[in-house]
Number of protein chains: 2
Amino acid sequence: MKSKAPKVSIKDVAQAAGVSIASVSRAMNEGTGNVSEATRQKVEKAIAELNYRPNWIGKALRGHSNNTFAMIISSIQNNFFSAVAWEIERRLNDEGAAMLLFNSNENMQLQDRCLEEIRSRQVAGVFMLCAVDSPNLKELAEHTPVILINRQIDDLPDLPFVGIDDRSAASELAKAIMRENDGPIALIHGPQTSNTSRARLDGFRSEFEREGRAILPENMIEAELSMESGYACAVHLMNTAKTPYSAIVCGNDQIAYGAYRRCRELGLNVPQDTAIYGFDDNPLNHWLAPWLNTVSVPHVRYAEEAVERMKRLVNGQTVENAILPYDIILRR
Amino acid sequence: MKSKAPKVSIKDVAQAAGVSIASVSRAMNEGTGNVSEATRQKVEKAIAELNYRPNWIGKALRGHSNNTFAMIISSIQNNFFSAVAWEIERRLNDEGAAMLLFNSNENMQLQDRCLEEIRSRQVAGVFMLCAVDSPNLKELAEHTPVILINRQIDDLPDLPFVGIDDRSAASELAKAIMRENDGPIALIHGPQTSNTSRARLDGFRSEFEREGRAILPENMIEAELSMESGYACAVHLMNTAKTPYSAIVCGNDQIAYGAYRRCRELGLNVPQDTAIYGFDDNPLNHWLAPWLNTVSVPHVRYAEEAVERMKRLVNGQTVENAILPYDIILRR
DNA sequence: CTGAAAGCGCTTACAG
DNA sequence: CTGAAAGCGCTTACAG
């Protein structure tokens with residue numbers, strides 16, 4: 001596809017100003033070299049008259065400053081993820097950089113296709129919000145700064161990571177759940193292919209067991225990280241349950257929304273009849289899900305820490321993982 | 001910022017394959033010219049061995065196929081907008097194109113800064129989801145395909161537009177509202193600088209008036225298109241109202257979420273005590289806001305139609321506006 | 001079918 | 001301080 005791009009180039013400016021293109025370049029870029037005041041003024045006048053803007057592609061090819069980053073997000077449905085992406089975009093834009101956006105849909109092939117595209121575009125760095133393991137990821141990471149957010153990859157333990165301690169957050173939440181609920185508890189956890197979901201499940205289970213309230217196998221089920229899957233799992237669990245659950249614990253907020261819908265359909269009052277617990281704290285909860293207890297994952301700090309680390313990586317520095325604080329949110 | 005990009009270029013491939021770079025290029029790009037089977041195989045072998053991928057920047061500078069698009073979205077808080085952005089991204093990726101993402105925050109200066117960046121990057125086209133009027137927009141549109149989504153710009157009536165007939169949707173919703181509610185009605189409408197908000201307000205008012213149920217000035221207030229603003233406006237309105245409103249009509253769903261929160265705080269049951277009406281139908285409503293009546297704006301079709309039109313514009317064809325069908329969603 | 005060369009728009013040593 | 005030239009990685013007429 002061709003774009004009808006503006007045709008005025010540095011040559012036109014040079015001609016209009018009566019100087020060489022080298023001087024135009026120097027006049028535009030502060031630190032590059034010295035220009036006389038007279039030249040600068042001529043150039044600025046010509047730029048203004050021609051309404052010239054430097055062509056980023058020319059600049060980028062020349063080798064300097066490809067200030068473009070990429071972000072791959074695993075699910076377009078998850079508003080918590082969107083919130084992180086947006087926060088990163090805002091910070092990148094403040095730095096004069098731009099962000100290419102891709103969606104992997106938790107799919108290895110799709111993620112690899114995105115990574116191919118990213119590689120060919122020579123981006124300065126890649127943010128991966130809940131990455132899956134894929135061949136191209138390992139390869140790209142050898143040449144390009146990559147930061148993992150919210151989920152680590154088992155086979156790539158050295159990639160910089162920004163997240164929370166999911167295991168301890170889950171066990172802390174489990175304590176609160178046991179305090180608040182005497183009756184039977186259901187657990188709809190996330191896919192065990194995900195490092196994060198596994199840590200959460202581990203935290204929940206070990207804490208419940210420690211208190212002698214281990215979740216029975218028939219009250220536990222694995223869901224995908226979506227509302228639809230959460231709903232389907234809730235349908236399944238609550239068909240087989242003898243007594244209504246006192247609490248339903250979910251691997252993330254999306255799953256919790258699905259479970260909520262099922263409770264409503266069954267005429268259960270949330271949270272009076274059945275309490276629901278999630279994970280992430282989607283910013284919308286404050287407005288739309290006042291019934292949801294959850295772990296607040298600091299999405300704004302995710303963005304801050306990830307962008308900060310990316311800057312360091314791009315400058316060739318090393319970075320350490322950021323394990324950030326979380327909050328247990330108990331809404332009543 | 002420098003990226004540690006892979007260093008293997010078309011030259012290395014040419015050398016490894018024992019052919020010229022021209023032949024490598026021809027072997028890679030189908031329609032470009034003829035290559036013997038022998039050459040093709042040598043090239044493919046070299047590419048595989050070196051794990052080469054063409055540098056997009058080189059390609060782009062050469063003049064062909066800058067398959068990068070930009071999307072400017074007015075508010076990162078609005079999930080309806082996010083949904084449209086994601087749908088567009090998905091379709092663009094399917095075509096092998098990529099999407100740069102920007103957030104204008106309904107701010108003219110910020111939008112202009114994004115447009116500068118977009119212009120210097122020579123993108124193939126720009127999608128604007130709820131644009132504001134700004135100097136650079138007019139200018140960019142002269143050189144680059146621009147598609148407006150969900151909101152037109154008064155001073156740029158010729159820019160291609162994808163949306164619905166907001167005025168008639170609003171008046172249809174108003175009819176339903178009057179059918180369902182006998183008591184007093186409040187109206188929290190969007191900013192009148194927005195063409196879309198104006199059309200909605202116009203549709204509501206004229207229909208209420210036509211039925212002799214004009215909204216009183218003290219029951220009407222202008223909000224920004226956010227939950228926070230909707231909340232603040234609801235606080236204001238419901239402090240002054242003598243009797244509780246039978247219905248609160250909102251300029252979009254975000255405003256409605258804010259109003260909902262205020263109703264809850266006041267102990268009002270939604271929808272039994274007070275019904276709430278919104279506009280857009282955020283995909284999350286199905287799960288989280290079963291109390292919300294609204295106009296379903298076809299966000300998936302927005303994406304389809306916008307991408308389709310963009311393809312035509314990029315090919316130099318002309319396009320007509322897409323005024324799409326909507327649905328009145330009455331949840332009970 | 002194939003290669004040498006020009007050129008996309010820029011920046012940066014290199015001379016002067 | 002300034003300009004001519006090289007070169008970033010590619011594609012595409014142009015010859016052969």
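- Here the C1' atom of nucleotide C:dT12 and the CD atom of A:Glu30 are 17 Å apart, to the nearest Å.
- You'll find a donor-acceptor pair under 3.5 Å spanning the side chain of A:Arg26 and the base of D:dG3, going by distance alone.
- With DNA chain C read from its 5' end, the first of the two nearest nucleotides for A:Ile10 and B:Ser20 is the one closest to B:Ser20.
- For B:Ile57 and D:dG9, the CD1 to P distance is 10 Å, given to the nearest whole Å.
- Following rounding to the nearest Å, B:Asn66 (CG) and D:dC10 (C1') show an atom-to-atom distance of 14 Å.
- In this model, the phosphate group of D:dC8 is approached by a side-chain N or O of B:Lys11 to a distance below 4.0 Å at OP1 or OP2.
- Between C:dT2 and B:Thr39, a contact under 4.0 Å exists linking OP1 or OP2 to a side-chain N or O.
- For B:Val19, counting side-chain heavy atoms from C-beta on, the closest listed nucleotide (D:dT2, C:dG3, D:dG9) is C:dG3.
- Whole-Å rounding puts the A:Gln122 CD to C:dC10 P distance at 19 Å.
- Distances shorter than 4.0 Å separate none of the side-chain N or O atoms of B:Asn55 from OP1 or OP2 on D:dC8.
- With hydrogens and angles ignored, the 3.5 Å screen pairs a side-chain donor or acceptor of A:Arg91 with a backbone N or O of A:Glu87.
- For the pair B:Arg62 CZ and D:dC10 P, the interatomic distance rounds to 13 Å; values are reported in whole Å.
- A salt bridge is absent between B:Arg119 and B:Asp112: the closest approach of a Lys/Arg side-chain nitrogen to an acidic carboxylate oxygen does not fall below 4.0 angstrom.
- Look at D:dA4: it lacks any Watson-Crick or wobble partner with both distances under 3.5 angstrom.
- A donor-acceptor pair under 3.5 Å links the side-chain atoms of A:Asn78 to the main chain of A:Phe80, judged by distance alone.
- Atom NZ in B:Lys42 sits roughly 10 Å away from atom C1' in C:dT2 (whole-Å rounding).
- Rounded to whole Å, the distance from CG on B:Asp12 to C1' on D:dC10 is 13 Å.
- Heavy-atom nearest nucleotides on DNA chain C were determined for B:Ile21 and for B:Gly58, and the one closer to the 5' end corresponds to B:Ile21.
- Between A:Ser25 and C:dC10 there is no side-chain N or O to OP1 or OP2 distance below 4.0 Å.
- Remark: P of C:dT11 and CH2 of A:Trp56 are 13 Å apart, rounded to the nearest angstrom.
- A salt bridge is absent between B:Glu37 and B:Lys42; no separation between the charged side-chain nitrogens and carboxylate oxygens falls under 4.0 Å.
- Counting only N and O atoms by type, the side chains of B:Thr68 and B:Asn66 include a donor and acceptor under 3.5 Å apart.
- Taking side-chain N and O atoms only, A:Lys59 has no distance below 4.0 Å to OP1 or OP2 of D:dC8.
- The pairing partner recorded for C:dA13 is none, the criterion being a Watson-Crick or G-U wobble arrangement whose two distances lie under 3.5 angstrom.
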